[in-house]
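Everything on this sheet refers to the single structure shown next.
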2 protein chains.
Amino acid sequence: MEVRTVDTRERILDAGERLFMAHGYEGTSMRQITGEAGVNLAAVNYHFGSKESLMQEVFRRRLDWLNEERMRVLDELEAEAAGQPVKPSAIVDAFFGTLLRMAGDENRGGMTFLRLLGRTLTEPSEFIRAFLAHEYQAVMDRYKEALFKALPEVPKAEIVWRFHFMLGATSYAIAGTDALRLVTDWQIEAEDSTDRLDRLVPRLMSFLLGGLRAPLPQF
Amino acid sequence: MEVRTVDTRERILDAGERLFMAHGYEGTSMRQITGEAGVNLAAVNYHFGSKESLMQEVFRRRLDWLNEERMRVLDELEAEAAGQPVKPSAIVDAFFGTLLRMAGDENRGGMTFLRLLGRTLTEPSEFIRAFLAHEYQAVMDRYKEALFKALPEVPKAEIVWRFHFMLGATSYAIAGTDALRLVTDWQIEAEDSTDRLDRLVPRLMSFLLGGLRAPLPQF
DNA sequence: TTATGATTCATACGTTCGTTTTAATCATAA
DNA sequence: TTATGATTAAAACGAACGTATGAATCATAA
C-alpha cells in the first residue's frame, strides 16, 4: 500500500517539476503531467487536492531542504566568526552558492528545479508569489541582517536593493532561457555543458560580489 | 474608417500589454483583453489574426523604438570616440539606461511595458523566445562587439556571461514582482514610488558596472 | 479467507479557451 | 444617394481545461 503511493506521488512531482519548468504553470495541463508520469488523470487530485497544491508541493519538496541548509551554513559562519561580522563573500556564497550547487545534485532536483525556480521568481500568478514569500521569509530576514552587519558603512536600503539585483542576476542565469540568444554558437562549442555549469558558479560569484561592493551611486 | 480602426487596435494593444504584464501570456484570455479594451471579442482576430500575433505586436510597438534608439546612441558614442574604444560605463548606460528611462515615458509603455519585458525574458513559451531573439539580434551583436573592444583584456566568453548577468539583474528589477518580499514595509514608507524609480537607475547602474568590472574568477 | 481502507481507473461534468462564421453597421467615393 | 469595402457585432464551434464521481482493484490485518 505504501510503495505504490509514494511512487505515484514522486512520479507526479517529477513530471510536474519538469513540465512547469518547460512550459510554466498556466502552460502545463494536468493531462500533460499525468501523461508524462504514467498515472491516471485523477491521481493528482487524489494525492494533492488540486493543481495549485501540486505546484506548491513541487516547490516545498526542494525548498525546505535548501532553506534549512542556508540557515545551517549561516549558523556555522556566525559561530566561527564569534561575534565579528561574517565576510560578505561568505554570506553571498552561503545563499547563492548553496542554491547553485543544487544544480549538480539530481536527488534535489538538479538543473530542472533550479530553472523552474529561476523562472517562477518572475511568475505572475498571485498564489505562487504568496507561497514563495512565506516559504522564504525567515531566510531572507536572517540574510539581510547578516549583510547589514557585514557592511555597516552601507545604508540598509542600498544593501536590500543589491540583494534584489543579485537575486535577479542569479535567477535569470539559472533559468537558462537565454531569450536574447546572447550565448552564440562558438561559445557553446567552446565548452561542453558540464564545463559551463562548473564555471557558472565562480563566474556568477565574481559578478555578484563586484556588484555588491561597487561604489555607492551619487544621487 | 481610419479613426475607429486605429483606436480599436490601440485599445487592444494597451489592454493586452497591461494584462500580459499582470497575468502572463497563458494566464490572460482573449475575453479579458477585449473586455478591458471595451471591444468585441472578434476584434483581436480581425485586427491581429491570433493571440500570438497580438503578443508579438504588443512587443514590436515598443521594441522597435527601443532598439533603434539603442543603435542610435551607440552610433553617437562610437562617432565621438573616433576609433578609440567607448567607455564600458557609457555602453552599459546606452543599453540599460535607455531601457530604464522608458519607465518614465507613458507614450512608450512606461513601467507597464518594462515590467512585461522583464517578466517575458524568462517566459517559457517558445514562440515568444524566438520572436525576442530575432527582434534583438542585431542590437545584441553590436553591443557585444562594443564591449569586446571596450574591455580587450577580458576574455570574450566572460564578457558575454556578464552581459547575461546584467540582463538578469535588470529584468528582475524592472519586473518588480519582488517575489521574496525583500523590500519590507519600512523601506516602502521611506521613499515614495517616484523616488524609488528615480533612484533605481543610478542604483542599478552602480551594481551593473561593479559586476562588469569585477576581478575575473579563478578556475 | 474475508473484511477494510487505500489507491487506481474510466468516464463524465460544467466551464472556459481561441477561433470562426455570418450578418449588421459604419464611413467613404462615385 | 447609392454602392462598396472596412469594421463591428452576436453567436456558435470544437477542443481542452480542472475537477468530481463511482466502480474496480489492490494490499494488508484480523
Side-chain angles (χ1 to χ4, degrees), chain A residues 1-59 61 116 120 123-128 130-131, chain B residues 1-59 61 116 120 123-128 130-131:
Chain A
M1 145 206 151
E2 189 66 358
V3 177
R4 287 280 279 166
T5 297
V6 169
D7 210 49
T8 299
R9 279 181 59 96
E10 294 270 303
R11 292 168 66 85
I12 292 172
L13 288 169
D14 289 344
E17 185 172 73
R18 204 195 67 77
L19 287 166
F20 289 145
M21 178 274 286
H23 308 116
Y25 175 76
E26 307 274 3
T28 302
S29 73
M30 306 278 274
R31 286 165 178 82
Q32 284 178 273
I33 295 170
T34 54
E36 177 156 323
V39 302
N40 188 271
L41 169 61
V44 172
N45 287 285
Y46 176 77
H47 286 284
F48 299 97
S50 68
K51 187 185 177 187
E52 286 200 2
S53 300
L54 168 61
M55 179 70 159
Q56 291 182 7
E57 199 54 38
V58 165
F59 277 95
R61 175 168 72 146
L116 171 62
T120 307
E123 269 272 333
S125 301
E126 178 50 37
F127 87 92
I128 300 177
F131 171 77
Chain B
M1 145 206 152
E2 190 67 359
V3 177
R4 287 280 278 167
T5 297
V6 169
D7 211 48
T8 298
R9 278 181 59 96
E10 294 270 304
R11 292 168 66 85
I12 293 173
L13 288 170
D14 289 344
E17 185 171 73
R18 204 195 67 76
L19 287 166
F20 288 145
M21 177 275 285
H23 308 117
Y25 175 75
E26 307 274 4
T28 302
S29 72
M30 306 278 274
R31 285 165 179 83
Q32 284 178 272
I33 294 171
T34 53
E36 177 156 321
V39 303
N40 188 273
L41 169 62
V44 172
N45 287 285
Y46 176 77
H47 285 284
F48 299 97
S50 67
K51 187 184 176 187
E52 286 200 2
S53 300
L54 168 62
M55 180 70 160
Q56 292 182 6
E57 199 54 38
V58 165
F59 277 95
R61 176 168 73 145
L116 171 62
T120 307
E123 268 272 332
S125 300
E126 178 49 38
F127 88 92
I128 300 178
F131 171 77

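Below, read A as the first sequence line, B as the second, and so on, with proteins coming before strands; counting in each chain starts at 1.
Note: OH (A/Tyr46) to C1' (C/dA10) measures 17 Å, nearest angstrom. Note: CZ (A/Arg9) to P (C/dT8) measures 11 Å, nearest angstrom. Between A/Asn40 atom CG and D/dC26 atom P the separation is 14 Å, expressed in whole Å.
Here the closest non-hydrogen pair linking B/Thr120 and B/Phe59 is OG1-CZ, 3.3 Å. Considering every non-hydrogen atom in both A/Gly27 and A/Gln32, the closest pair reads O-OE1, 3.5 Å. Nearest heavy-atom pair across A/Glu36 and A/Leu19 is OE1-CD2, 3.7 Å. Contact between B/Tyr25 and B/Ser125 at its shortest, heavy atoms only, is CD2-OG, 4.2 Å. In terms of heavy-atom proximity, B/Thr28 sits nearest to B/Ile33 at CG2-CG1, 3.6 Å.
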inquiry  = Treating primed atoms plus P, OP1 and OP2 as sugar-phosphate and everything else as base, which nucleotides of nucleotides 12-18 of chain C get B, S or - for protein heavy atoms under 4.0 Å?
reply    = B----BB
Expected list for residues 39-46 of chain A: side-chain donor-acceptor pairs under 3.5 angstrom, two or more places apart:
residue, atom, partner, partner atom, Å
A/Asn40, OD1, A/Ala42, N, 2.9

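Within the shown strands, C/dT19 is the pairing partner of D/dA12 under the Watson-Crick or G-U definition, both distances less than 3.5 Å. Base-pair partner of D/dA29: C/dT2 (Watson-Crick or G-U wobble, both distances under 3.5 Å).
A/Ala43 comes within contact range of no nucleotide atom at all, as no heavy-atom separation falls under 4.0 Å.
Ranked by how close their nearest DNA chain C nucleotide is to the 5' end, A/Val39 and B/Ala42 are led by A/Val39.
Under 4.0 angstrom from either OP1 or OP2 of D/dT8 there lies at least one side-chain N or O belonging to B/His47.
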